[in-house]
Amino acid sequence: MGYTLLFFFILLQSLNLFAISTTLKPNFYSHTCPKAEFIVKEVMKKAMKRETRSIASVMRLQFHDCFVNGCDASLLLDDTPNMLGEKLALSNIDSLRSYGVVDDVKEALEKACPGVVSCADLLIIAARDAVVLSGGPYWKVKLGRLDSLTASQEDSNQIMPSPRSNATYLIDLFSRFNLSVQDLVALSGSHSIGKGRCFSIVFRLYNQSGSGRPDPAIEPSFREKLDKLCPLGGDGNVTGDLDATPELFDNQYFKDLVNGRGFLNSDETLFTNSITREYVKEYSVDQERFFKDFAEGMVKMGDLQSGRPGEIRRDCRVANSHRPHVEVLFETSNKKG
C-alpha cells in the first residue's frame, strides 16, 4: 500500500468513517491482516469438532446473505427498536443457525487485526472453508466487502425462496442475479451437507399441491422413511439428512435426486424439470464437474453487491451506530510502493 493511501486508510479508520468498496480481489488482507484466512479456518475446524453440522449451517449463511441486497452481512444484524432484521424472515426463522460460530470467528479476527476484516468477508471465507473441511473443492475467495449499516426483514421475505419452490421459480430468481441454470443446479449442491426440518417437507408427504396426497416424485421406500421421521401433526423441528452422506461434500445429493430421494421439494424439482434435469444427471456421474461448477457459482454469488455505504463492524450482530454517518469515497490498495 502506498504511503499516502496508507495514511488516509489509517486516518479514516481512526475517525470511524464509512467507506464504499468497489473492487473485490484475492489476498485483499495480505498486508492489513495476513493471517485472516488461516484464522477463519482454524475456528471453523474447532466448530466442526464440536458439532459437524455447524459448518454446513455457516455455509448456508452466505446464500441467505448474498441474495438479499448483496453480500454485506446484513443477515447477521440483530433486531433493534428501529429495525426489523433478517434473522426472523420467513426463510430464516427457526432455520438458520450457527451464528455463534460467526461470533467466534469475528472475535478471533478482532484480536489479531482489530477493525480490519469485515463480517461480510468473514462469511465468504467461512463458507469456502465449510466446503473444504467437508471434503469439497477449494477456491480462491475475492475479498474487500463492507458490512451493511442496516437490514430488512421485508426484503428477505420478498427475495428468499421457500422449500416449496419449483425449478421454474428458482430459474427466474437466479436469473435476476445473473446466475445461470447451471449456477442454480450446481449451487443447490450445497445441500450435499447438512439437515432440513420436517416443517419444510410435510406438505410433500401429505398434501402436495393441495392434492391431499404425497408428492409422486418421492421414491416409495424413501417416502416411508420420511413418514416415520415426519408424521402428520408431528414436531416440525425434527431434522432429516439432506442427502445420504450429510457430513461429506460430494455428489451424492444429485444421485439421490435421480433416484427420487431428494429431501426438499426445491431439490427434487431440479430433476423433475426438463430444463435442470440434464445438469442433475451430469453431476450425479461426474463429481469433478460438479465441484468445478459449484466453486465458480460461489464466486459469482459472492460478487453480488448493493453499492450502498458500509463499514467494518466490530461486532457482526450490531452496526457501529455510535460512529458518525459520514460517507467517504477512497481507493484502497494492498500493493507496496
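For reference, positions follow the sequence shown, starting with 1. The basis for the numbers below is simple: all heavy atoms, side chains too, and nothing from hydrogens, waters or symmetry mates.
- Residue-environment remark: CZ (Arg213) stays at or below the threshold of 12 foreign heavy atoms within 6.0 Å.
- With respect to the salt-bridge test (charged N to carboxylate O, under 4.0 angstrom), the residues Glu288 and Lys292 do not qualify.
- Remark: the Ser57 side chain and the Arg97 side chain contain an N/O donor-acceptor pair separated by less than 3.5 Å.
- No continuous path of ILVMFWY side-chain contacts below 4.5 Å connects Phe249 to Leu264, so the two sit in separate hydrophobic clusters.
- More than 12 heavy atoms of other residues, nucleotides or ligands sit less than 6.0 Å from atom NZ of Lys300.
- Taken from CG in Leu61 to CG in Leu76, the straight-line distance is 6.5 Å, to the nearest 0.5 Å.
- Between Glu37 and Lys41 no salt bridge is recorded (no basic side-chain N to carboxylate O distance below 4.0 Å).
- The salt bridge (charged side-chain N to carboxylate O under 4.0 Å, His left out) analysis of residues 227-251, with sequence neighbours excluded, yields the pairs Lys195-Asp241.
- Ionic pairing of Asp315 and Lys106 is not present here: no N-O contact between side-chain nitrogen and carboxylate oxygen is shorter than 4.0 angstrom.
- With hydrogens and angles disregarded, a donor-acceptor distance shorter than 3.5 Å links the side chain of Asp183 to the backbone of Ser180.
- A donor atom on one side chain and an acceptor atom on the other are not found under 3.5 Å apart for Tyr279 and Asp293.
- Judged purely by atom type and a 3.5 angstrom limit, Asp79 uses its side chain to pair as donor or acceptor with the backbone of Gly85.
- Interatomic distance, CG of Leu143 versus CD1 of Ile124, reported as 8.0 Å (0.5 Å rounding).
- Rounding to the nearest 0.5 angstrom, the gap separating the CG atom in Asp104 from the CD atom in Glu42 is 13.5 Å.
- No salt bridge links Arg204 with Asp267; every basic N to acidic carboxylate O contact stays at or beyond 4.0 Å.
- Using a distance-only test at 3.5 Å, with no hydrogens or angles considered, no donor-acceptor pair links the side chain of Ser306 to the main chain of Gly70.
- Just one of Asp147, Leu146, Asp65 meets the side chain to side chain contact (heavy atoms under 4.5 Å, CB included) condition when paired with Asp72; it is Asp65.
- Of the possible polar contacts, none joining the Asp155 side chain to the Ala151 backbone as a donor-acceptor pair under 3.5 Å is found.
- No donor-acceptor contact under 3.5 angstrom links the side chains of Asn92 and Gln153, judged on distance only.
- Side-chain contact between Val116 and Ile312 is absent, with no heavy-atom pair separated by less than 4.5 Å.
- The hydrophobic clustering, which links ILVMFWY residues whose side-chain heavy atoms are closer than 4.5 Å, places Val132 and Met301 apart.
- In this structure a side-chain-to-backbone donor-acceptor pair under 3.5 Å is present from Gln287 to Asn251.
- Checking Leu257, Asp256, Ile201 one by one against Glu268, the side chain to side chain contact (heavy atoms under 4.5 Å, CB included) holds for a single residue, Leu257.
- When atom types are taken as modelled, the side chain of Thr269 and the backbone of Ser266 share no donor-acceptor pair closer than 3.5 angstrom.
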Worked check of ring-ring contact (aromatic ring centres under 6.0 Å, His included) between Phe174 and Phe67
CA-CA 9 Å; Phe174 273 60; Phe67 275 101; 5.2 Å; yes
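- In this structure, CG in Asn265 is found 8.0 Å from OG in Ser162, a value given to the nearest 0.5 Å.
- Counting only distance, with no hydrogens or angles, the side chain of Arg197 and the backbone of Val238 share no donor-acceptor pair below 3.5 Å.
- Here OG of Ser74 is found 9.0 Å from CE of Met83. Values are rounded to the nearest 0.5 Å.
- Hydrophobic clustering, with ILVMFWY side chains joined whenever heavy atoms are under 4.5 angstrom apart, keeps Met59 apart from Leu242.
- Under the ring pair (Phe, Tyr, Trp, His ring centres under 6.0 Å) criterion, no residue pair touches residues 194-216, with sequence neighbours excluded.
- A distance-only check finds no donor-acceptor pair linking the side chain of Ser209 to the backbone of Ser211 [under 3.5 Å].
- Side-chain atoms of Arg313 and Ser148 form a donor-acceptor pair, as typed in the model, at a separation below 3.5 Å.
- Looking at Ser192, its side chain does come within 3.5 Å of a backbone N or O of Leu248 through a donor-acceptor pair.
- Remark: the backbone N or O of Gly307 is not paired with any side-chain donor or acceptor of Gln305 at under 3.5 angstrom.
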